[in-house]
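Written out below as structure tokens is the structure these notes cover.
Residue indices begin at 1 and follow the sequence shown. Only this structure's heavy atoms are used, side chains among them; waters, hydrogens and symmetry mates stay out.
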Amino acid sequence: AEDTREIMASLGCRNFKELIGRTDLLRPSARLKDHWKTADLDFTDLLKPAWTLQSVTSGKDSPMFCCVPQDHELAHVLDRQLVLRAGPALENKTKVVLKDVAIKNVDRSVGGILSFEVTRRFGAAGLPDNTVHIKFKGPSGQSFGNWLAPGITFELEGDANDYIGKGLSGGHLIVYKPGMAPFKGHEAILAGNAALYGATSGKSFMAGIAAERFAVRNSGATAVVEGVGDHGCEYMTRGLVVILGKTGANFGAGMSGGLAFLLDIDERDCNMESILLLPVEEEDAKMLHELISEHAALTGSENAKDLLVDWKKTVSRLTKIFPKEYKKALESNTIKQKEAKPEPVAIAPTKDLEDLRPSSVPAPKKHRGFHEYSRKSTPYRPDKDRTMDWEEIYASQGSTKSEQWHSWMKTQTARCMDCGTPTCHSPNQGGGGCPLGNRIPTWNQLVHEGDWKRALERLLDTNNFPEFTGTTCPAPCEEACVLGINEDPVAIKSVELAIIEMGFSKGWIKPQPPQ
């Protein structure tokens with residue numbers, strides 16, 4: 001901090017606000033001229049001061065930072081009306097039915113605030129099914145029904161934009177074409193891209209076609225739809241998807257869990273590296289009949305009703321999609337159970353593939369780390385031991401780090417998704433994020449590469465007491481981690497603690513006890 005103040009003073013700036021937009025204080029590094037790839041780069045326009053741009057009319061006196069808070073007009077969004085009208089359900093769980101609620105495509109994220117109110121009052125369990133049933137008419141905006149909580153049913157007579165059902169969390173979605181529409185529902189696109197992205201639970205019934213990337217990263221929701229675009233069920237880890245129509249290209253890419261059932265499948269549209277095509281079994285057929293019957297009753301789908309008329313023929317047209325990785329995990333788990341003990345034992349419920357992923361491997365792959373490895377953070381010392389002394393509460397390997405320890409750290413840092421605009425390293429308005437502004441993605445990558453010295457330098461750029469924050473900080477960075485939306489976040493706190501421990505063990509940092 002002292003060095004920063006000195007540098008700012010030399011530049012004539014009293015605070016950080018005076019530095020914003022001052023590209024006139026920057027100069028390209030002379031080293032760029034030493035390499036043929038960068039020698040001819042011209043940064044003139046890039047380093048042009050902001051006050052010289054045509055959009056700035058007040059010259060150098062124009063403000064270069066946010067001076068007026070942006071008003072998102074959240075007080076007037078449709079959700080506020082829904083919360084008021086659903087008051088009886090929120091207060092005492094009385095059933096509420098709202099009909100013919102008008103909606104337009106400028107009404108975005110409808111359901112988010114209502115779901116927040118349900119969760120705030122009743123927790124993750126939410127309300128009993130169909131406690132709040134709202135029927136909308138019209139074209140919905142983006143993210144209709146996002147994070148819909150248990151007990152809420154959204155019924156839409158119209159069409160939906162992108163991200164409908166994003167993060168669906170136990171609620172129910174029903175979508176069908178307007179009654180006066182001249183077209184057939186199963187021949188028209190009624191939902192946009194990335195429908196049910198990251199859904200975790202709940203049900204969705206769409207009597208029409210959804211566009212690309214349907215149910216990407218679905219981890220628990222059940223969905224029936226009458227056609228999808230390219231990349232359907234990509235990276236799906238759990239849940240059930242039934243498609244009663246055409247399927248776009250690259251279906252099931254990276255799919256590692258859950259099941260899907262496709263009508264009149266074309267193998268060329270499937271990513272055969274990730275999935276197996278299996279016949280529908282008797283038990284599957286019974287379940288599908290119940291689900292498609294429910295779909296027909298809720299949406300009025302003529303396509304679904306036709307399929308139910310000759311059910312035996314329909315079953316022969318359906319194909320079961322089974323992820324290869326899930327099958328491999330189930331087989332491996334079965335073999336381990338047989339070899340474990342010769343005496344009869346109660347068979348534990350089969351674990352999902354995500355529960356069987358390793359937390360440490362010798363050579364972890366970064367580009368798929370978030371998908372292939374599970375979280376393992378630094379463990380606490382046994383409580384009986386740590387209550388008897390004043391030592392650290394976390395278990396430490398000491399000054400000598402084993403190869404296994406290094407593999408563990410590399411694997412945990414490989415779980416970072418490189419999300420582009422990381423929410424972990426700066427405070428966020430909604431909570432979470434590092435209050436110190438630690439450059440988390442940077443030193444995370446350096447640890448993965450085994451460059452511990454530079455990782456320590458980057459950590460010390462913003463944090464002059466990591467041996468303290470690495471143990472006592474409540475880790476709001478992990479709360480803000482994008483990976484934490486669907487599963488355990490990156491073990492950022494453990495990595496920070498590992499960096500400073502390595503610094504002390506290598507002598508890069510020396511203890512300086514007060515005199």
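- The aromatic rings of F154 and F136 lie perpendicular to each other, with more than 60° between the two planes, well past the 30° mark.
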Assess whether salt bridge (charged side-chain N to carboxylate O under 4.0 Å, His left out) is satisfied between R217 and E487, documenting all intermediate values.
CA-CA 11 Å; R217 291 192 65 80; E487 55 182 271; 3.6 Å; yes

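- Classification of the H295-F205 ring pair by plane angle, with boundaries at 30° and 60°, yields tilted.
- In the displayed structure, R120 atom CZ is contacted under 6.0 Å by more than 12 heavy atoms of other residues, nucleotides or ligands.
- The closest side-chain donor-acceptor pair between S494 and Q412, if any, does not fall under 3.5 angstrom.
- No hydrogens or angles considered: nothing links the side chains of N303 and S301 as a donor-acceptor pair under 3.5 Å.
- Residue-environment remark: CZ (F261) exceeds the threshold of 12 foreign heavy atoms within 6.0 Å.
- Salt bridge K328/E325: present, at least one basic N to carboxylate O contact under 4.0 Å.
- A salt bridge is absent between E290 and K286; no separation between the charged side-chain nitrogens and carboxylate oxygens falls under 4.0 Å.
- We find that D488 and R415 are not joined by a salt bridge, their nearest charged nitrogen and carboxylate oxygen being 4.0 Å or further apart.
- In this structure, a donor-acceptor pair under 3.5 Å is absent between the side chains of N444 and T413.
- A salt bridge does not link K324 with E273: every distance from a Lys NZ or Arg NE/NH1/NH2 to an Asp or Glu carboxylate oxygen is 4.0 Å or more.
- Heavy-atom contacts from other residues, nucleotides or ligands closer than 6.0 Å to NZ of K305 number more than 12.
- Between E496 and K493 there is no salt bridge, since no side-chain nitrogen of the basic residue lies less than 4.0 Å from a carboxylate oxygen of the acidic one.
- Under a cut-off of 6.0 angstrom, the local environment of NZ in K135 is crowded, with over 12 non-hydrogen atoms contributed by other residues, nucleotides or ligands.
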